[in-house]
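One structure is given below, encoded as structure tokens.
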Amino acid sequence: MRTKILLGLLLLSFTFCFVSCDEDTKEEETKIPENIDRSFSNKFSPLQPRQWSIVNNYYIATFTDTYNLNETAWFTTEGIWQMTKTDVPETQMLPYAVEYTFAHSEYAGNKITAICKIERLNMKGALYRISILKGEIRQNVYIQTDGILIRTLYGNNDQFRLIKVPEEVNAYMAEYYSQAPVLGILFNDEGHIEIYISHENNLKRVELSWDGYWFSTSWQMKDTEQLPEYVTDFIAQHYAGYSIRERRYEISNHGNYYCVRLITNDDDIIVSIRDDSQE
């Protein structure tokens, strides 16, 4: 009998130890440095974080805003805010310009599966990501606050792998486009970083590697600009039955190209044709 009592006390002491250790660990994990807490208050006061977590050296706060929307904000260990994601439960809560652009785009009528707003450091306004199901294909449509449709990427693309824009990318942009407002920052399907800027009366897309290596800069051609005859002839000869949906001009580290998006009822492709005038 005495042996059973001693064994019971021993097990109880182990249980108490495990509970205490777990509680200590939990308290340690959720303890937020003063500079992080201060940065959150400076940016989001009077809102209070509902929960903190630490992932890949980022302090992540989840909280509810004044419109009762769920928000997530990322901070560096130095306390510098990098990005905020806000869940938007319905299209009626989108800014008018964003809702209008989507409603009049080729993506209207598809099933919407999720909407969120993305704000980033050094980015003007916000990007609204509208996730849709087009047939069996998941796509993410990105529209800027002012209603500019920036980009469409496939649904398996994870924007939240890119939290802080690398210093090498910032250095390139500062050297070549220092006066151009940044309207969007995206992580594309090839794993590259795309910076969208307002430059020379065009919305330009600058594509860079994570270490700041420049791949290309492109922009949509204006309605008044015509494709060269050899480009239209090539399309007519090789892609009969396709219609032109979008025309972009691209300068890259291996030449300049006319990039033409062609569609049919069951196909959607981009054809790049070298600009002969640059040779």
Could you give the distance from [atom1] ([X]) to [atom2] ([Y]), rounded to the nearest 0.5 Å?
X    : Y    : atom1 : atom2 : answer
I115 : S131 : CD1   : OG    : 8.5 Å
M93  : E99  : CE    : CD    : 11.5 Å
S39  : F75  : OG    : CZ    : 6.0 Å
I32  : D37  : CD1   : CG    : 8.0 Å

Give a yes or no answer on whether the side chain of [X] reaches the backbone of [Y] with a donor-acceptor pair at less than 3.5 Å.
X    : Y    : answer
W210 : V165 : no
E225 : K222 : yes
N110 : Y107 : yes
H104 : Y100 : yes

Counting C-beta onward and ignoring hydrogens, is there a side-chain heavy-atom pair between [X] and [Y] closer than 4.5 Å?
X    : Y    : value
Y172 : E167 : no
R138 : K134 : no
Y59  : T76  : no
I60  : I54  : no
E207 : I195 : no
N202 : S198 : no
P33  : T77  : no

Does [atom1] in [X] sit with more than 12 non-hydrogen atoms of other residues, nucleotides or ligands closer than 6.0 Å?
X    : atom1 : answer
N253 : CG    : yes
N57  : CG    : no
D211 : CG    : yes
N56  : CG    : no
E90  : CD    : yes
K124 : NZ    : no

inquiry  = Can you tell me which residue among I185, L186, L127, N140 is in a side-chain contact (heavy atoms from CB on, under 4.5 Å) with Q159?
reply    =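 Result for side-chain contact (heavy atoms from CB on, under 4.5 Å) with Q159: L186.
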Indicate if [X] and [Y] have the same hydrophobic cluster label, given that clusters are the connected sets of ILVMFWY residues with side-chain heavy-atom separations under 4.5 angstrom.
X    : Y    : value
Y128 : Y142 : no
V169 : Y58  : yes
Y258 : I244 : yes
F215 : I197 : no
Y242 : Y230 : yes

Would you name the heavy atoms of [X] and [Y] that are closest together and state the gap between them?
X    : Y    : result
G184 : M123 : CA-SD, 3.5 Å
T84  : A73  : OG1-CB, 3.9 Å
Q144 : G125 : NE2-CA, 4.3 Å
I273 : V271 : CG1-CG1, 3.9 Å
T72  : W74  : O-CZ3, 3.4 Å
R274 : G255 : NH2-CA, 3.8 Å

Using only heavy-atom distances, determine whether the side chains of S252 and Y257 contain a donor-acceptor pair under 3.5 Å. no
Under the side chain to side chain contact (heavy atoms under 4.5 Å, CB included) test, residues paired with R248 that sit two or more places apart |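 For R248 the side chain to side chain contact (heavy atoms under 4.5 Å, CB included) partners, ignoring immediate neighbours, are R205, S218, Q220, E246, C259.
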*Between K85 and D87, does at least one N-O distance fall below 4.0 Å, as a salt bridge requires?*
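Yes, this pair counts.
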Using side-chain contact (heavy atoms from CB on, under 4.5 Å), reason through Y249 and N256 one step at a time and then give a plain yes or no.
CA-CA 8 Å; Y249 190 77; N256 296 357; 3.3 Å; yes
(message) My understanding is that only residues two or more places apart in sequence, or in another chain, count here; which of them pass ring-ring contact (aromatic ring centres under 6.0 Å, His included) with F63?
(response)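 F63: ring-ring contact (aromatic ring centres under 6.0 Å, His included) contacts with F40, F44.
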Q.
Tell me which pairs pass salt bridge (Lys or Arg N to Asp or Glu O under 4.0 Å) where either residue lies in residues 62-81, with sequence neighbours left out.
A.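 For residues 62-81: none.
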Applied to residues 253-265, the salt bridge (Lys or Arg N to Asp or Glu O under 4.0 Å) test, sequence neighbours excluded, yields E106-R261, R261-D268
Not counting sequence neighbours, which residues clear salt bridge (Lys or Arg N to Asp or Glu O under 4.0 Å) with E229? List them please.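 So E229 forms no salt bridge (Lys or Arg N to Asp or Glu O under 4.0 Å) with any residue.
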For R151, the salt bridge (Lys or Arg N to Asp or Glu O under 4.0 Å) test, sequence neighbours excluded, returns E194
